[in-house]
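Below, read A as the first sequence line, B as the second, and so on, with proteins coming before strands; counting in each chain starts at 1.
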Amino acid sequence: MTPGNKLEILALLSLERCLLRISRISTGSWRVAGVKVGPGSAAGELAGYAGTEAAAVYMVMDSLPMTAVMAASPADIECLSKGYTGHGFPRGARVTPAEEIMLTELGNILLNALINGLLNELKITLLPALPRFAAGDAASLTAALGPAPEAARVIAAKLALDCGGSSAEWDLFVLLPEDLARRLD
Amino acid sequence: MKILIVDDNLLTRAMIKDLLTEMGHQVIGDAENGDEAIKFFTEQKPELVLLDLIMPGKTGLETLKELKALDPSSRVVMVTAVQQESMTQQLLEAGAAAVLHKPFMYGELEEVLKKFQ
């Protein structure tokens with residue numbers, strides 16, 4: 001198995017298991033559209049959200065340190081709401097409080113699925129950080145995350161949802177300190 | 001069964017409440033943090049508490065320990081997205097009656113609740 005490959009498989013399995021369960025309890029069809037592992041940064045992963053008022057749910061675990069992020073474009077939020085809750089919240093120019101609550105819980109579930117897979121493999125027990133919410137363009141979301149680990153491997157996943165004729169794609173990524181990533185190679 | 005739901009996320013509390021009501025249980029209250037949960041528990045004595053793990057302020061584990069100290073016979077089911085094997089073990093050792101992992105299915109919740117009826 002090549003370095004990075006094991007991490008990809010681990011992330012893929014953890015997320016697929018979680019999305020399968022969400023598909024069973026919700027109205028949408030949820031799947032992993034892709035996983036990649038490699039060197040990178042939060043700014044690089046969020047670059048696709050430049051110029052948009054995107055939404056992010058993030059968990060910063062100081063004790064490792066490890067950062068996990070879910071980011072979504074405004075255009076995809078209604079579909080995510082419909083898929084997860086069965087209701088599309090009225091959309092406004094900005095992310096509404098109801099959407100923030102929905103995204104925070106969805107992010108909590110998805111980020112934990114990804115993180116737990118890694119922590120279980122590393123045999124680390126850690127109470128994850130409280131998920132936090134931020135909205136803004138790529139630069140302000142990156143700033144909200146705070147300083148990143150100096151040397152980190154990025155485990156990034158693209159997730160997809162089909163729901164009632166509409167579809168959404170959004171991102172999840174974890175910045176894993178390189179020393180921990182090497183233990184999983 | 002008279003149940004208290006404790007979760008910092010309003011949507012999750014509402015979704016769990018809907019499921020419990022559909023199952024014929026009575027949700028007698030909900031709380032968004034550990035302090036509120038302990039106050040409610042002391043005053044209302046629910047038959048079962050569904051308790052989130054990661055919350056602002058007291059964690060679910062700390063809240064669980066306080067509830068068990070107040071009433072060792074209290075029945076607390078942890079509901080959490082955290083699926084770390086050793087964390088689940090810690091919660092059970094601290095007195096949780098069961099640990100339900102998010103996202104959970106209707107049948108899983110029903111199965112857990114059957115134990116207490």
Salt-bridged, B:E110 to B:K114, with N to O below 4.0 Å? no

Salt bridge present between B:K102 and B:D52 (N-O < 4.0 angstrom): yes

Proximity breakdown for [X] and chain A, heavy-atom pairs closer than 4.5 Å:
X: B:M55; answer: backbone
X: B:L53; answer: side chain
X: B:Q89; answer: neither
X: B:T80; answer: neither

So does B:K65 have more than 12 non-hydrogen atoms from other groups sitting under 6.0 Å from NZ?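 Not buried by this count: 12 neighbours or fewer within 6.0 Å.
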
Is [X] in contact with chain B via its backbone, its side chain, both, or neither, using a 4.5 Å heavy-atom distance?
X: A:I124; answer: backbone
X: A:L127; answer: both
X: A:N120; answer: side chain
X: A:A129; answer: backbone
X: A:L119; answer: side chain

If you tally heavy-atom pairs under 4.5 Å against chain B, which of A:L126, A:L110, A:T104, A:T85 wins?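 Max contact count across the listed options: A:L126.
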
Please assess B:D18 against B:T21 for the test side-chain hydrogen bond (donor to acceptor under 3.5 Å, both in side chains), listing each intermediate value before the final yes or no. CA-CA 5 Å; B:D18 283 351; B:T21 306; 5.6 Å; no

Closer than 3.5 angstrom, by distance alone: can the side chain of B:K68 be matched with the main-chain N or O of B:P72 as a donor-acceptor pair?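 Yes; judged by distance alone, with no hydrogens or angles, the pair exists.
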
Kindly say whether B:E47 contributes a backbone atom to a donor-acceptor pair with the side chain of B:R75 at under 3.5 angstrom?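 The answer is yes, because a donor-acceptor pair under 3.5 Å joins these two groups.
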
The salt bridge (Lys or Arg N to Asp or Glu O under 4.0 Å) partner of A:E45 among A:R153, A:K36, A:K158 is A:K36

